[in-house]
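Right, one structure below, let's go through it.
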Amino acid sequence: MPCTDPIGVFDSGLGGISVLRALRLRLPGEDFLYYGDSRRAPYGDKPLEAVQALCDDAVQWLLHRGVKAVVIACNTATAAAAAQLRARYPYVPIIGTEPALKPAAERHPGGHILVMATERTLHEEKYHLLSQQFETRARVDAIPCPGLMEFVEQGIFSGPKLKAYLRAHLGPHLDRPVDAVVLGCTHYPFLRSAIRQIVGPDPEILDGSDGIARQTQRRLALLGLQNPRSDGGSVTLCNSLDDPAMLQRMDQLLNRPL
Ligand code: DGL
């Protein structure tokens, strides 16, 4: 597969654009094809088999368009389907996403860490294995956030409704000082300033997007698949919702300050 082919990136909707931004910074010479499945979002409250089937559709959609690698820019999709996708498509590198609990625990030993993610992510074995590694080294509170990604899908980044949602979900965990908040869903970095307002100035807020970008860079280099261009790469944004307003929102998220 030629190294000048694009890198495919997918998410259940617009959240993966937070990963796409990090990918562009690390790999400015690459072309990217982004697929957001907003029509069938959210994935996070669907049964495992349903998420696996949707992820398979997304990967096939990208492969039919000639991508050289696939980045799963979604914690939920990675937790539910990465292993299955890698077994089914062994000829294409597939890079996944996971909540940035490892860097949070390493930077805040003995600390209090909140992990915000979808119900599906927190339910899967992948997350349990990850959190088990750190439970003796930090107090980790997992916070399922059903309905939170919808704010981003609807273009809502502030306001009373969002504030009330965040207060209801984060408030019960703020009884003792928090050292770090892990954004374990790729939609949440777009809500960073609203989350900051609730948790206050002290906790570090982490997301995994740069880690995924570095991992993608490493895998491409290892396989000799890096585009020789050093910049000038393109981005093509697609969405399963055939709605020009959605494409416009995607474009805004790609360029909006976080
Ligand atoms: N962006 C996805 C993630 O990283 C989840 C959103 C959804 O529920 O579809 O987990």
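Predicted, not measured: the structure shown is a model, and the values here were computed from it. Just follow the structure's listing: the first ligand is 1, and inside any ligand the first atom is 1.
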Proximal candidate to atom 1 (N) of ligand 1 [heavy atom criterion; set Lys46, Glu119, His187]: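 That would be His187.
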If you compare all heavy atoms of [X] against all heavy atoms of [Y], which two are closest, and at what distance to 0.1 Å?
X	Y	answer
Ala213	Ala22	CB-O, 3.6 Å
Pro99	Asn75	N-OD1, 3.2 Å
Leu170	Val199	CD1-CG1, 4.0 Å
Ile94	Ile72	CG2-CD1, 3.6 Å

Polar proximity ligand 1 side, [X] side, N/O cut 3.5 Å exclusive:
X	result
Asp11	yes
Thr186	yes
Gly15	no

Quick check on Cys74 - does any of its heavy atoms sit under 4.0 Å from an atom of ligand 1?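 For ligand 1, residue contact (heavy atoms, under 4.0 Å) with Cys74 is present.
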Show which atoms of ligand 1 fall inside a sub-4.0 Å distance from at least one heavy-atom site of [X].
X	value
Ser12	5 (C), 6 (C), 7 (C), 9 (O)
Cys185	1 (N), 2 (C), 3 (C), 4 (O), 5 (C), 6 (C), 10 (O)
Thr118	5 (C), 8 (O), 10 (O)
Asn75	3 (C), 4 (O), 10 (O)
Gly44	7 (C), 8 (O), 9 (O)
Tyr43	7 (C), 8 (O), 9 (O)

What I want to check is whether the side chains of Arg218 and Gln215 have a donor and an acceptor closer together than 3.5 Å.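 Result is yes, a qualifying pair exists.
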Under a 3.5 Å cutoff, is there a donor and acceptor pairing between the side chains of Tyr89 and Asp56?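 Yes.
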Return the residue, atom name and 0.1 Å-rounded distance of the protein heavy atom closest to atom 10 (O) of ligand 1.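 Nearest protein contact, heavy atoms only, for atom 10 (O) of ligand 1 is Thr76 OG1, 2.6 Å.
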With Arg40, which of Asp45, Asp11, Asp57 fulfils salt bridge (Lys or Arg N to Asp or Glu O under 4.0 Å)?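 Of the listed options, the one satisfying the test is Asp57.
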Per-residue contact class, Pro42 against ligand 1 - non-hydrogen pairs under 4.0 Å: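 It is both parts that get close, each with some atom under 4.0 Å.
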Does Arg167 have more than 12 heavy atoms from other residues, nucleotides or ligands lying within 6.0 Å of its CZ?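 No, the 6.0 Å shell around CZ holds no more than 12 heavy atoms from other groups.
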For residues 144-155, which side-chain N or O atoms pair as donor and acceptor with protein atoms under 3.5 Å away, sequence neighbours left out?
{"from": "Glu153", "atom 1": "OE1", "to": "Ser38", "atom 2": "OG", "distance (Å)": "2.8"}
{"from": "Glu153", "atom 1": "OE2", "to": "Leu14", "atom 2": "N", "distance (Å)": "2.7"}
{"from": "Glu153", "atom 1": "OE2", "to": "His187", "atom 2": "NE2", "distance (Å)": "2.8"}

